[in-house]
Structures are given as structure tokens and as C-alpha cells.
Amino acid sequence: MRKSFFNVAGPCNPGEHYMLDPFRGIHAELTDLVDSRQYFVIYAARQSGKTTLLKGLARQINTKGDYYALYCSLETVTVFGEPEKGIPEIVWKIESCLEQQNFPEGFAKDADYSKTGSVLQTALVKYCRALEKPLVIFFDEADCLSNGTLITFLRQLRDGYINRLDVPFIHSVALVGMRNIRDYKSLIRPNNETVGSASPFNIMTESLSLRNFTKPEVAELYAQHTAQTGQIFEAEAIEHIFEQTQGQPWLVNAIARNVVKKITKEAHTIPITKEIAKQGIENIIFEWGTHFDSMMERLKEPRVRNVIKPLILGEDVESERSGDYLHTRDLGLIREVNGKVEPANPLYAELMIRSLNWDAQRSLEKGQAEYIAPRYLKDGKLDITFLIRDFQTYWRENSEIWTTRYKEHFHQYDKAAPHLVIQAFLNRVVNGGGQVVREMALGTKRADLCVIYGGYKYPIELKIYRGEKSVQEGREQLSEYMDKVGAETGWLVMFDRDTEKSWDDKIYMKEESLSRKKIVIAGC
């Protein structure tokens with residue numbers, strides 16, 4: 001019997017990979033859309049199970065026999081922005097997929113590729129007329145299309161759609177990718193071809209999104225491994241993995257794969273504990289695979305930056321229902337919980353900061369031992385006040401350099417430079433011996449950090465100085481955060497961005513008491 005494994009590359013295949021039902025909670029809606037001849041959109045973040053769902057649905061439809069269901073990925077067409085090149089590539093791609101999936105021959109026979117604006121529609125009309133059953137097509141990676149190719153592709157679908165009572169055409173279409181239909185318009189180059197009055201987007205009747213795994217589903221997935229090998233994922237490990245990933249499918253599989261293959265080395269008598277799960281998470285962060293590369297590339301997009309930058313600072317976006325906000329949410333980078341907008345999961349929050357402060361951290365580590373926490377240890381505890389004094393000196397000497405770098409080389413994250421550099425400073429201290437827990441949310445006007453080292457918790461709040469009122473807000477917010485993490489001492493770091501003010505006025509350190517708590521306020 002072939003052993004299954006946790007898959008982190010490409011779609012999941014029954015019998016080969018541990019996997020959950022790809023149709024969970026969405027099957028009835030999908031089959032109803034197909035049966036009722038609808039054109040619709042399925043969108044979800046990268047590596048969330050879209051391709052697995054589409055291929056499974058196509059197999060199921062073809063097995064039932066009411067329709068021909070074709071799976072067709074358009075990813076290879078992404079480089080062809082102009083329709084004169086892009087549309088023929090789409091026709092050839094469909095032809096190739098039909099052949100590979102053993103559909104009847106004859107598609108695009110004698111196609112006239114000089115007629116870019118109609119060749120795809122004509123080929124589909126002729127093919128559908130010859131078929132004995134209706135044709136369904138799932139276009140995966142449809143949001144890879146751009147510019148004139150996207151518009152010309154959608155216009156031909158629209159024309160076929162509105163005339164299909166008189167002329168045979170595709171029975172049902174799904175456009176699948178990372179974007180909702182409203183974001184397809186952003187793929188058109190500014191000042192290039194416009195959508196026009198007859199919008200090719202208005203034939204899409206529904207937009208469906210795939211959800212993450214629930215905690216019971218994570219347990220169900222891991223139980224498949226236990227049933228096959230006997231290796232147990234302890235309840236605390238499952239709880240921690242779910243907490244850190246919020247059920248993001250790729251992360252759930254990647255952590256499990258790491259702990260099984262690289263930490264326990266497939267010694268299945270070793271149970272997966274919470275500590276092993278923590279090490280697995282650190283490992284996948286350190287390895288920084290292509291999933292993280294592609295996701296973090298999104299941070300460079302202006303639309304994403306317009307949301308992530310205020311998220312780091314705790315500021316508001318112009319509108320929580322703006323196109324930028326919705327786009328960033330659809331990409332799976334943020335989520336809304338009880339009215340609070342935050343990173344999609346704690347692991348992504350960590351990756352966002354590490355991605356943006358990587359150069360700062362490497363710069364800080366040059367010429368120093370990798371593990372420098374002993375400099376700040378006093379009686380087994382971290383002397384955070386001493387650490388922040390060091391940071392004040394560093395920031396005074398280097399703030400202008402880093403602000404310029406973040407503006408010119410880090411895609412205009414200059415406003416977030418103080419928050420990013422101090423977190424790089426903290427990361428280099430706890431490397432190998434602790435962790436920094438980050439809490440970010442839009443509109444809170446702060447960023448909460450908790451350094452955990454040697455079993456002790458050190459809450460730190462970062463805030464932009466906007467007058468004495470902001471200092472008082474910071475005191476109260478830090479006090480609440482200290483209650484949350486169970487600490488009697490906390491540190492409030494106020495960043496004053498007034499370039500006219502002298503550093504002697506900006507830099508200070510003072511201790512205060514608030515509700516029997518000790519608060520150290522540091523100006524930067």
C-alpha cells in the first residue's frame with residue numbers, strides 16, 4: 001500500500017496525499033451554479049486548495065456524465081499582455097487541455113488567428129455545436145491575464161454568453177484565481193484600453209471564496225497520518241498550529257511535513273508535542289519557501305502597501321471597505337475578527353515584519369556574534385531598559401539612513417521605518433533564545449510586542465508621538481496589554497517624527513507607576 005504524505009507543492013491527489021474534502025461547505029452551491037448555466041468566480045489566497053477543488057469537481061462532473069467539464073490553467077499566458085499574442089495562446093492552451101483530458105477532437109480546427117477579437121469565441125461556438133453534451137470550463141489562474149488580453153478574452157466570453165440561446169456556447173464558466181471579479185479591472189494598465197460601456201465583467205453572477213481549515217478539520221487531517229503511521233499529534237500541538245496558522249491550508253501541511261520528516265525523521269513512535277510544533281514553525285520560517293516569497297512579493301504592491309503600512313503602525317486606512325482593503329483581504333493577508341482588522345494569522349504577521357526588516361536585521365548583526373542576548377541579561381532576565389537605551393543611541397545615529405532606505409528601496413514603507421527597525425533590533429537579541437510576539441491591528445494607534453525570553457514576558461508598546469495626549473493613550477494601552485500578558489513592568493516607546501525638533505528633546509527615559517504597574521517611557 002502506497003503511503004500518503006503532507007503535500008506542499010501543487011494540488012492534492014486522493015490516495016497520494018493526506019487531504020480533506022475539497023468541497024466542504026461549497027459543493028451544493030457549485031453544482032447549482034453549473035446546473036443553472038452560470039458564469040462565476042472562485043477566489044482565494046495562494047495555495048488554499050483552488051486547483052484541488054477544480055480538478056476534483058471536473059472529475060466528478062465528467063464521471064456523472066451530464067456535461068463535459070474541462071480544467072484549463074491560464075498561468076502560462078500571463079506574459080502575453082497584448083491580445084494579438086495572448087488570445088492565440090489561450091486558444092492553443094484550451095486545445096492542449098482538451099487533448100490531455102481526452103475530450104473529443106476538432107477544437108479550433110481551421111481557426112483564423114488574424115481575427116483576434118473573435119477567434120476564441122468562434123472556436124468555442126463551433127466546438128460546442130459539435131459536442132453531444134454541454135461544455136463546462138474552469139479557467140484556473142484567470143487573474144494572471146492582463147491588459148488587452150484580459151479584456152479581449154472576457155469580451156468574447158460575454159458575447160458568447162449573451163447569445164447562447166441562439167448560438168451554442170459554453171454552458172458554465174468559472175474564472176478562478178486570487179482575485180475577486182472587482183479586482184480584475186485593476187489588471188488593466190492605466191490609460192490603456194478601457195472597459196467600455198458593455199462591461200465584460202457583468203456576466204459573472206457569483207463570487208465564491210474558499211475558507212481555511214477549522215480546528216477540528218486540522219485535527220481530522222492530522223488524524224489521517226496517525227491512522228496510517230501511529231504517530232500522534234498531541235492536542236496542544238494541534239491547538240498551537242491552528243492558533244499560529246488560523247487553518248491556512250498550506251501552512252497546516254507545511255508544519256506537519258516539517259515535524260514528521262525533518263524533526264522526528266519519520267520515527268513514528270515520537271509524538272508531535274507543542275514544543276516540536278513550535279520548532280516546525282521556526283523551521284519553515286527559516287527555510288522561507290516559495291510560498292512566502294510569492295506572498296511577501298505582494299507587500300511591494302501599492303494597493304497592499306496602502307493597507308499593510310497603516311496596519312504596522314496601528315493607523316486607519318482611508319476606508320475599511322476601500323478597493324485596497326478588500327484586495328488585501330482577498331489575497332489572504334488580513335482578516336477581520338470582531339470588528340478588528342489584523343494580519344490573517346500570527347505566522348503571517350511575523351513574516352511581514354521579517355520580510356520588511358530583513359536588511360535592517362542583517363545590518364545590525366554585522367560584526368557581532370549571532371547570539372547577543374547575554375549583553376542584556378541581568379540575573380537571568382533581560383534588561384529591556386538597557387536594550388532600549390542602546391536602541392535610542394542607534395536610532396539617533398541611523399534614523400535618517402533607514403527612513404531614506406525604506407522610502408527608496410523598500411517600496412515607500414518609510415513611515416513604518418521606526419517600528420520595523422526596532423523590531424529588527426529585538427529580533428537579533430532573542431535569536432536562538434526567545435521570541436517576539438507581535439499584535440497589529442488597523443485603527444488601534446499602536447503596535448503591541450511581547451518579548452518572551454527565559455520564561456519571562458516583557459511587553460513593549462510602540463507608538464507615534466502626536467502630543468501629550470498620545471503619551472497618555474500609550475500609558476493606558478500599555479497597562480491593558482500588561483494585564484493581558486500578565487506582566488508588572490512594561491515599556492512604552494514613543495517615536496517623534498518631527499524633523500524640526502532636536503534629538504536632545506526627543507531622547508528621554510523615565511519611569512512611572514500606573515495602577516501598581518511600573519511603566520518605562522522612552523522617547524525616540
Side-chain angles (χ1 to χ4, degrees), residues 10-12 19-62 64 66-75 134-145 150 153-154 157-158 160-161 164 170-187 199-214 217 246-252 295 298 321 323-337 344-345:
C12 291
M19 59 182 292
L20 299 174
D21 177 7
F23 306 116
R24 60 193 191 286
I26 199 174
H27 184 264
E29 191 168 7
L30 286 173
T31 54
D32 182 63
L33 286 169
V34 170
D35 288 341
S36 56
R37 306 181 71 201
Q38 300 302 303
Y39 286 23
F40 56 99
V41 170
I42 300 174
Y43 69 97
R46 185 174 295 278
Q47 294 175 302
S48 296
K50 299 185 295 296
T51 302
T52 300
L53 171 73
L54 295 179
K55 289 194 168 187
L57 185 59
R59 282 194 299 268
Q60 189 178 91
I61 290 173
N62 286 322
K64 187 176 180 183
D66 293 335
Y67 316 106
Y68 286 116
L70 178 72
Y71 169 83
C72 179
S73 173
L74 300 177
E75 185 174 10
L135 176 66
V136 175
I137 304 182
F138 302 133
F139 287 111
D140 202 359
E141 306 288 350
D143 56 345
C144 286
L145 302 180
L150 173 64
F153 170 69
L154 289 177
L157 288 186
R158 181 182 188 275
Y161 174 88
R164 61 188 177 157
I170 311 172
H171 176 84
S172 180
V173 167
L175 301 182
V176 186
M178 295 178 65
R179 303 170 192 260
N180 200 332
I181 187 62
R182 64 172 177 273
D183 287 323
Y184 278 60
K185 297 178 184 180
S186 71
L187 301 176
S199 172
F201 304 103
N202 62 13
I203 61 173
M204 298 296 158
T205 58
E206 294 286 343
S207 290
L208 309 178
S209 182
L210 305 188
R211 63 170 175 81
N212 286 343
F213 298 156
T214 64
E217 286 171 342
Q246 291 300 304
Q248 203 286 332
W250 187 89
L251 294 176
V252 168
M295 189 187 73
R298 298 289 182 178
R321 290 296 175 269
D324 293 350
Y325 166 85
L326 295 171
H327 172 65
T328 306
R329 187 192 66 184
D330 291 348
L331 290 175
L333 295 175
I334 59 174
R335 64 174 182 154
E336 185 173 339
V337 181
N345 55 62

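Side-chain contact check for Ile61 versus Phe138: some heavy-atom pair is nearer than 4.5 Å. Side chains of Leu74 and Phe153 form a contact here, defined as non-hydrogen atoms less than 4.5 Å apart. Here the side chains of Leu175 and Leu154 are in contact, with some heavy-atom distance below 4.5 Å. Residues Leu157 and Ile170 form a side-chain contact, since some pair of their non-hydrogen atoms from C-beta on lies under 4.5 Å apart. Inter-residue side-chain proximity for Leu33 and Leu208 is flagged as met; some heavy-atom pair is nearer than 4.5 Å. Side chains of Leu54 and Ile42 form a contact here, defined as non-hydrogen atoms less than 4.5 Å apart. Cys72 places none of its side-chain heavy atoms less than 4.5 Å from the side chain of Asp140.
The backbone N or O of Ala44 lies less than 3.5 Å from no partner atom in the side chain of Ser209, so there is not a single donor-acceptor pair. At least one donor-acceptor pair under 3.5 Å links the side chain of Asn62 to the backbone N or O of Ala58. Tyr39 contributes no side-chain N or O that, together with a main-chain N or O of Arg158, makes up a donor-acceptor pair within less than 3.5 Å. For the pair Thr52 (side chain) and Pro11 (backbone), a donor-acceptor distance under 3.5 Å is absent. The main-chain N or O of Leu251 is found under 3.5 Å from a side-chain atom of Gln248 such that the two form a donor-acceptor pair. Side chain of Glu75 to main chain of Ser73: no donor-acceptor pair is present (N/O by atom type, distance under 3.5 Å, no hydrogens or angles). Judged purely by atom type and a 3.5 angstrom limit, Arg335 has no side-chain atom pairing as donor or acceptor with the backbone of Asn345.
Nearest heavy-atom pair, Leu53 versus Pro22, reported as atom, atom and distance to 0.1 Å: CD1-O, 3.3 Å. Between Gly177 and Lys50, the shortest heavy-atom contact is O-CD, 3.3 Å. The minimum heavy-atom distance between Phe23 and Leu57, with the atom names listed, is CZ-N, 3.4 Å. Residue Gly332 comes nearest to Ala344 through the heavy atom pair O-CB, 3.1 Å, listed as atom of the first residue, atom of the second, then distance. In terms of heavy-atom proximity, Tyr71 sits nearest to Lys55 at CE2-CE, 3.5 Å.
Note: Glu206 CD to Glu29 CD = 6.0 Å, rounded to the nearest 0.5 Å. Note that the CD atom of Gln38 and the CG atom of Asp32 stand 8.0 Å from one another [nearest 0.5 Å]. Between Tyr43 atom OH and Asp143 atom CG the span is 12.5 Å, to the nearest 0.5 Å.
By the salt bridge (Lys or Arg N to Asp or Glu O under 4.0 Å) test, Arg24 pairs with Glu217, sequence neighbours left out.
Counting heavy atoms of neighbouring residues, nucleotides and ligands inside a 6.0 Å radius, atom CD of Gln60 exceeds 12 of them.
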